Amino acid sequence: MKLARDTWLVFQRQLLLMARTPVWIAVGVVQPLFYLLLFAPLLKSVLAPGGSYADAYRIYVPGLLTALVIMGGLFTGFTLLGELRAGIIERSRVTPVSRVALLLGRALRETVALLVQAVIITLLALPFGLSVPIGQLLLAYLLLGLMALMASSVSYAIALVVPNDAALAPVVNTIAQPIALLSGVLLPLSLAPGWLRAVADWNPFYWAVQGMRALFSGHPGDPVVWRSLLLVAVLTVLMVGWAARLFAGRVR
């Protein structure tokens with residue numbers, strides 16, 4: 001109970017800081033918007049040959065949202081490094097707030113920020129013919145939120161293991177790029193060679209993309225939806241636990 005209350009307090013504080021600098025969300029939307037407006041229309045002949053632009057966007061938008069979460073979530077560790085360097089985390093030791101809540105509240109802030117960006121991008125895709133039933137869209141956002149929480153937790157853990165800006169950037173980039181490419185975020189991996197699909201089967205984000213595409217295409221009963229939700233939920237719990245242990249040891 002104390003953990004939930006402390007997490008809520010930290011989360012509220014982090015949301016207030018984010019509201020004071022809305023440029024975070026604006027900057028996070030600009031680059032995906034370029035892909036949405038300038039890149040996705042070129043993929044119609046590949047993603048939906050003989051179909052409509054709406055069919056192409058139902059395939060492309062879930063991948064774009066997942067790419068946003070992967071790249072946005074895995075780079076949140078730089079924020080934690082800045083707070084560690086400024087002594088903000090160390091000063092929190094004198095408060096009775098749970099050490100785990102200090103991390104979890106921040107990770108939830110990043111998750112909310114990424115979900116807000118995802119909602120904006122989804123709304124911008126509606127004029128292009130994208131149409132998703134609200135129930136399936138909310139389920140897709142749940143999957144997206146779990147991915148964001150998992151990616152943020154992993155990023156915080158890496159930042160605690162590699163507490164140096166110069167070293168953190170290449171480490172995170174080395175992890176993020178193959179994960180994104182093996183998720184099929186730009187093009188479905190059904191177009192890829194068999195060996196590449198076999199490697200992608202070990203990537204949880206690949207299954208998440210498949211689940212989101214099934215939801216956007218109107219197939220909530222597809223087994224890949226529930227398989228991806230279960231897989232991502234379990235991994236999220238494990239990654240949050242790992243990051244929390246590292247964080248608690250760092251600020252003890």
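The structure presented is a predicted model; accordingly, all values stated were derived computationally and were not measured.
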Worked verdict on V132 versus L215 for side-chain contact (heavy atoms from CB on, under 4.5 Å): CA-CA 8 Å; V132 186; L215 289 168; 5.9 Å; no

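Looking at every heavy atom in both residues, L182 comes nearest to A200 through O-CB, 3.4 Å. Looking at every heavy atom in both residues, S217 comes nearest to R58 through CA-CD, 4.1 Å. Residues I70 and A180 approach most closely at CD1-CA, 4.0 Å, considering heavy atoms. Contact detail for A214 and V225: the closest heavy-atom pair is CB-CG2, 3.7 Å. Residues Y156 and T76 approach most closely at CE2-O, 3.5 Å, considering heavy atoms. Across every non-hydrogen atom of V209 and G184, the tightest pair is CG1-O, 4.1 Å.
Y60 is not listed as a side-chain neighbour of V185, based on a closest heavy-atom distance of 4.5 Å or more. Between L80 and L160 there is a side-chain heavy-atom pair separated by less than 4.5 Å. A heavy-atom distance below 4.5 Å is found between the side chains of R109 and T79. Proximity of L144 to L115: side-chain heavy atoms (C-beta onward) are separated by under 4.5 Å at one or more points. Under the 4.5 Å side-chain criterion, counting only non-hydrogen atoms from C-beta, V112 is not in contact with L108. Two residues are said to be in side-chain contact when any heavy atoms from C-beta on lie closer than 4.5 Å; T122 and V119 fail this criterion.
In the hydrophobic cluster analysis, where Ile, Leu, Val, Met, Phe, Trp and Tyr join through side-chain heavy atoms closer than 4.5 angstrom, L230 is grouped together with V232. W242 is connected to F205 through a chain of hydrophobic side-chain contacts under 4.5 Å among Ile, Leu, Val, Met, Phe, Trp and Tyr, so both are in one cluster. Residues W207 and V234 share a single hydrophobic cluster, defined by chaining ILVMFWY side chains whose heavy atoms lie under 4.5 Å apart. Following chains of ILVMFWY side-chain contacts shorter than 4.5 Å, one can reach F75 starting from I175, so the two form part of one hydrophobic cluster. Under the 4.5 Å side-chain heavy-atom criterion for grouping Ile, Leu, Val, Met, Phe, Trp and Tyr, Y57 is connected to Y141 within one hydrophobic cluster.
In this structure, the separation between CG on L68 and CD1 on I120 is 10.0 Å, given to the nearest 0.5 Å. We find the CE-OG1 distance between M147 and T111 to be 11.0 Å, quoted to the nearest 0.5 Å. The CG atom of L137 sits 11.5 Å away from the CG atom of L142 when rounded to the nearest 0.5 Å. Considering CG of L74 and CG of L168, their distance stands at 10.0 Å, rounded to 0.5 Å. In this structure, L130 CG and I121 CD1 are separated by 12.0 Å, a value rounded to the nearest 0.5 Å. Note that CE of M71 is 6.5 Å distant from CD of Q177, once rounded to the nearest 0.5 Å.
A donor-acceptor pair is defined here as one N or O able to donate and one able to accept, closer than 3.5 Å; such a pair exists between the side chain of T236 and the backbone of L146. A donor-acceptor contact shorter than 3.5 Å links the side chain of W226 to the backbone of P220. A donor-acceptor pair is defined here as one N or O able to donate and one able to accept, closer than 3.5 Å; no such pair exists between the side chain of S155 and the backbone of A151.
For W202, there are no side-chain contact (heavy atoms from CB on, under 4.5 Å) partners at least two apart in sequence or on another chain. Scanning for side-chain contact (heavy atoms from CB on, under 4.5 Å) contacts around Q12 gives W8, L9, with sequence neighbours left out.
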